[in-house]
Every structure is written in C-alpha cells, then in structure tokens.
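It should be emphasised that the depicted structure is a prediction, and the values quoted were computed from it without experimental measurement. Just so we're on the same page: letters track the sequence lines, and every chain starts at 1. All values below come from the heavy atoms of this structure, side chains included, with hydrogens, waters and symmetry mates left out.
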2 protein chains.
Amino acid sequence: MNLRELSAHLGLSQTTVSRALNGYADVAPATRRKVVEAAERVGYRPNSGARRLATGRSQALGIAFPVDRNLLLDPHFIEFLAGVAATAGEKGYDLTVSPTTGTEDEVYRRFARTRTADAVILSGPAVEDRRIALLNGLGLPFVVHGRTQTPLPYAHVDIDNRGAFRQACRLLLDLGHRRIALINGDEGQTFARDRRSGWQEALAQAGLADDPDCPSCCGAMTEENGYRFARTLLERTPAPTGLLCSSVLLAFGAYRAIRDLGLTVGRDVSVIAHDDDLPFLRPHTLDPPLTVTRSPIRKGGEQVADFAIRLATGTLIDQLTDVKPVDLVYRGSVAAPASG
Amino acid sequence: MNLRELSAHLGLSQTTVSRALNGYADVAPATRRKVVEAAERVGYRPNSGARRLATGRSQALGIAFPVDRNLLLDPHFIEFLAGVAATAGEKGYDLTVSPTTGTEDEVYRRFARTRTADAVILSGPAVEDRRIALLNGLGLPFVVHGRTQTPLPYAHVDIDNRGAFRQACRLLLDLGHRRIALINGDEGQTFARDRRSGWQEALAQAGLADDPDCPSCCGAMTEENGYRFARTLLERTPAPTGLLCSSVLLAFGAYRAIRDLGLTVGRDVSVIAHDDDLPFLRPHTLDPPLTVTRSPIRKGGEQVADFAIRLATGTLIDQLTDVKPVDLVYRGSVAAPASG
DNA sequence: GTGTTTTTCCAAAGCGCTTTGGGTTACGAT
DNA sequence: ATCGTAACCCAAAGCGCTTTGGAAAAACAC
C-alpha cells in the first residue's frame, strides 16, 4: 500500500494525505482523523527511500563500528550502542552502523556523500582526534561521546571523568591512604587522560604530586591486564594500599591478583573502579563488594542519540553539550589502610 | 555531485553513465573507463535514497537489536555483530540495527513495509521461534544464526553444538570421569538445547543416561551464575568431577567457585567450556588454561551476512544452509579424575 | 550498394514521496 | 450583494536514480 493507493482509497489527493500524516496545519481535523485511521488500518508506512529522496534526509543516525579485534571497549561499546539504538528507535530514526578497520574517514565520507545518515555519532574520542576536523569539513552533523581537543565548538555528551577520579582518590586519601596507584585505560583516549588528571589533582592537593609511591599504568581494559598491572604494582616496595581502576573488568583482574598475593581486598588493599554499569559485570557481587564511581554508559548513548537527532533537526551546537557528574558508590572494597 | 551533473560534465547521457557505473554490457570499454575514472575523481556516490527508490532495494541488511537489559548474550552479540558488519561493509551493504524490547515483530513489519532492509538477520533463535513464521509471512528474506524447529526450509548458519558437547563429554568420560555436570545457557534457546543433547548422548553411550550424579543447571551466561551454579553442583555428594560450561564467562565463575571450595581446577575438577572467541575473554590465560570447544562467533556473523546478501540477490534458500563443526582445544583444565 | 545484425548510446518514463503555488469554498465583515 | 480572509484541498513539479524501448552508428553479410 503506497500513498497513491491510500489517497485513492480515501478519495483525497496525495498532498492532503501526506500533509495529514505529517502533521501540517492546513488539514481539517476531521479529515486528518480519517486519514490517520485509514493509514493505521491498512498498515501504511511511507517508503523510506522515497521519503529520503524527497526530503533529502534519511531519518537515520550513523555510527562507525570499529571491528578490529583489538577494540578496547568492546563490552562498553555495545552497551553504549544499545542506548543509542533505544532512543533512535523511539524517535523513529534508524541506526546505520558501518564497519571500520583503522580509520573511519571513508565511512564518514560515504555517509556525507550518499546522505545515508543525517548525523553521526563519534565514540571513543582520542585526545587529539582527526575525525572532528574531517566531519566539520564534510558538513556532516556529529555528536561526540566524550571530549577532545579542538578549537571549534562541537556537540558532545560526556561524564566528569576528572571529577570522578579526583573524588575517588580523595576518598582514599581522607581514609589515610598515602600510596595510591592508578590502573588506567589507554591514555590516548580522553576519558583515560581525564581520569589520570583527576587522580593527579587529588594527589597534588594532598602534597603527593608525582610521588614515586603513587605509580600508574595503562592499557586495554581487560581482566588479564587488570591482573598483570595490579600484580606488578603490588609487588613494589612499598606497595600501594589503594588502587584506582578505570573499569570493573580491570578490577576483576586486580581482585584476582590481590588474592593470589595472599592479600585481602578492603583490608590490605582498597580498590575503587569506574563502573559503566555493564549488565554482566556487577561490581556489588564481588567479594567484598566493589566501590565504584558509577555512570551508566547506556544513558550516555541515549543522550547522544537524542542530541544527534536534535542536531539533525536544527538545534544549535552550543545547546548540545553536556557533562554529567558521576556518583561515588561506597562499598566494602574500601577501608582505612592497615596501620602498618 | 549527482548523476545529472556528472553526465553533463562528461557529455554523456545519464543512462550511459549509470549503466557504465553499474557494469552493464552495452557500454563501450573506452567509455566505461572514462566514466569510472571521472566518477572516482570527483568522488561521485549515488544518493542512496534515490537508488533505493528506483530499484526497490535498499542495499542494507537489517538486524533487530534487543536492548533489554537482560540480554543474555550481550558480549556474544557484539562480536557476532562485528562479523556481520564486516562482511556487509565489504560488500557495499549498510547494516541497519533496530532496537527492540520484547517482541521483534514490529521491527520486521517495518523493515518489510518500508523496504528498509533487503534481508534480515535473526540471532539467538529459540527452540520454537515465532519470528520464523512471521518473516515467512511478510515475505522478507532472512537468515538465521542458529537453528529452530520449523517445517519450512530456511537459510541458516550454525555450529554443531550437539557434536561439540558430545565430544567434550566423551573426552571426560574417556579420561575416566563418571560424574559430569552441565552448566548451560538458557535452554529455551536452541544452542543450549543442542548442547544438552550432546552431553546426554555421550552420557547415554557410556551407560550413564539420566544418572542423578550427572546433574545440570542453566541460566543466563554470566560470571555470577557460573559461580553460583558451580558452587551448588560441587557441594553435592558425590560431587561431579567434570564440568561442562556453555560459555567461558560461566567457566570464569566456575573457576572462582572451585577455588573458593578449596579445590583445584584440573586436579580435583576438570572443566571444559565453549569458547566463542570473544576478544576480552581469553580461555588460555586462565590458570590452568581452559579446555574449550572453540568456534569464533564472529566468523558466524560474517557468514550470516554473506548468506543474507546472497539471499537478497536471488540465491535459493536451500543453498544457504551450513552447520560448521567445532574444534576441541585440549588444555590444562582437564585431567583424569583423582583416583579417590 | 543494400539488407541485417550488433554495438553503443539516449530520451523519457517512472519509483513513492514531499512541497510549492495556487484554487475553491465558506463565512463573517462591509 | 461584494469583498476579504480563512480554511481546506489539489495538481503538478521535482528529489536522483534505474530501466525500458528505441534510435543512430558501426560492422557484417550478401
């Protein structure tokens, strides 16, 4: 059933039916009702290609899907994607994912030229990210999940990573910890860099700036790395008594390392991690329950999608920036350091 | 740059340029070369909406993205999706993901009516899956990742889950184990049901059909459940000496339970899991390294996408079915049972 | 040289929708 | 009765592409 058939069936012109369905003003309420009902009844849906062609807009959001095996954020990405998909779907937008290996340039070029997407979503921004300039050049509206260094304004939603880790570190300091290590994600990415800043700020405020007993390491956020890093850090002398982990998965590894070294989480070593609220990684089920700075990454995806759609429909960039504060959830993995 | 401009620029008709670009026969080789080069040079890409409208095909694959938080296969799904996206992209197809909560019917209806996707991909089929009938009714080509019960033929790619678990179970039996438990995924899903069958078959062959000392349990494949299930099973008397896990994540939990009970993997309890080859869950990094039946789920995604595209371009269903055998990778988590 | 086929190209007709730029009709105001 | 003014509706023109059904040119056969 297409528009022509539907309007013939109704004895109205295509124009009227189209306008009735799209909420234009100059359609009598009674007519509109009839049209909407009929459309509903026969299950009419406008052909997406035709609408795309006529309006020049695709009612779709684009996102590059990095399919390299080394994708650091694998589990985070899908949760983020779920959020994006959820609001996109809610607002009648499709979500077109395009695979990329290495650079995403080609994907964005294609989105722009074929008008496959009205706006694109950028995730996992690096501290210096070439993609921003590219997208600006292409004139393709985009929303960044996270932040990056650029002179131009850009739509983004982020969480206060710096504040979160500052607060987490300060908690440990207030409890009396003096040797606090950071197990971070890839510091080429902004979120990791920001967390490092937060950690450093708190240390500096406590007079521990660049203290060699407060070491750090970074890398892919896997359980395996969490284990390796924690083990390396805890085998130093003096060993840190506090561990800040950039993800729950890293914390899983850290827990394992701590146990393997014959130590106890909470008593010998306090652990705090950032929790993106992944459904299969539940920090409170650990023993002892893991203290976290918590911010559901899915919510981020939802907001990004919302921004992207608003951007595609004319909202100005400077109204589309948001940085959410992060909660600190205090649980049993944190305690005052043993008085030795 | 659109087709009209490009053809004007070349001094040719739109028809000729279009046909040259789309590989039709009736274009002189020299002309075609000129056209292709010019298109390349100016970066011409056909407008996807226009092409969609003209051809009735969207050059896109559709997939429903279950965004419910209870999505069991979360980490598996993205890896699968990565495979799908990779080959789709390679062959010039877009991938449209549509979020669903609960039933996917509405999504498929929309795909069919708006012709948003030329074929759809069905993942995680249940033993009895209503979606199959729906899609058949809608006339929307589809490929299933996995299998299901239905009288009609349908395109699918699957792995030999039954064979894999039969083989895994038989390995334990051959080593002398007599009490082998199964920790399975949700048995509403075919893959889990098949694995159970494989386990049962091997037990039956060894004269252990329905042996009460060979218990099983099933549920969402999380670390947490792995722990709970393993713990429950191992606290029975007599306790099983072999554990078959439906995912590496479950095995992670099982390892933890075994340790917590003061037992040792390999020596006291042998563990085998199915490994979908998720990048952040590496079975060989466990201690001891985990024996697995291994089959990269990403490869499955790739093949499904390939089938879907072939299906959309006219290949017959009965040529689009494949069930891959599964490797058994023997590692340190398996040994003969302690002779007590 | 004429008739026939093959090769190469093109004009024009859609695909199904939105949107422009009027037309009609109805109705209150003059 | 006449004139605006809303309110409602429509015909027709695209959007950028593919594809049908030739036409013109070239190649071949006789």
Chemist: For the pair B:F142 and B:Y154, name the ring-plane relationship: parallel under 30°, tilted 30 to 60°, perpendicular over 60°.
Modeler: parallel
Chemist: side-chain hydrogen bond (donor to acceptor under 3.5 Å, both in side chains), that's the test. Do A:T116 and A:T114 meet it? Break it down for me.
Modeler: CA-CA 5 Å; A:T116 290; A:T114 66; 2.4 Å; yes
Chemist: Hey, what do you get for OG1 (B:T103) to CG (B:L134), rounding to the nearest 0.5 Å?
Modeler: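 One gets 7.5 Å once the value is rounded to the nearest 0.5 Å.
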Chemist: By the salt bridge (charged side-chain N to carboxylate O under 4.0 Å, His left out) test, which pairs, at least two apart or in different chains, include something from residues 17-39 of chain B?
Modeler: B:R19-B:D26
Chemist: Which ring-ring contact (aromatic ring centres under 6.0 Å, His included) pairs, counting each pair once, include a residue from residues 91-117 of chain A, with sequence neighbours left out?
Modeler: none
Chemist: Rounded to whole angstroms, how far apart are CG on B:N22 and C1' on D:dT20?
Modeler: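 Distance check: B:N22 CG to D:dT20 C1' gives 15 Å.
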Chemist: Taking only side-chain nitrogens and oxygens of A:Y44, does any of them come within less than 4.0 Å of OP1 or OP2 of C:dG16?
Modeler: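 The answer is no; no side-chain N or O of A:Y44 sits under 4.0 Å from OP1 or OP2.
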Chemist: For residues 313-323 of chain A, which residue pairs qualify under salt bridge (charged side-chain N to carboxylate O under 4.0 Å, His left out), counting only residues two or more places apart or in two chains?
Modeler: A:D322-A:K324
Chemist: Which letters describe nucleotides 5-15 of chain C, given B = protein heavy atom under 4.0 Å from base, S = only from sugar-phosphate, - = neither?
Modeler: ---BBBBB--B
Chemist: What residue pairs, at least two apart or across chains, pass salt bridge (charged side-chain N to carboxylate O under 4.0 Å, His left out) with a residue in residues 135-148 of chain A?
Modeler: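 Sorted pair list: A:R147-A:D158.
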Chemist: What is the distance from CG of A:L3 to C1' of C:dG16, rounded to the nearest Å?
Modeler: 7 Å
Chemist: Using whole Å, report how far OH of A:Y24 lies from C1' of C:dT19.
Modeler: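 For the pair A:Y24 OH and C:dT19 C1', the rounded distance is 7 Å.
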Chemist: Measure the acute angle between the ring planes of B:F80 and B:H145, then classify it against the limits of 30° and 60° as parallel, tilted or perpendicular.
Modeler: parallel
Chemist: Under 4.0 Å between a side-chain N/O of B:S18 and OP1 or OP2 of D:dT18, yes or no?
Modeler: yes
Chemist: What's the angle between the local helix axes at either end of the helix from C:dG1-D:dC30 to C:dT30-D:dA1, using five pairs per end and rounding to 10 degrees?
Modeler: 50°
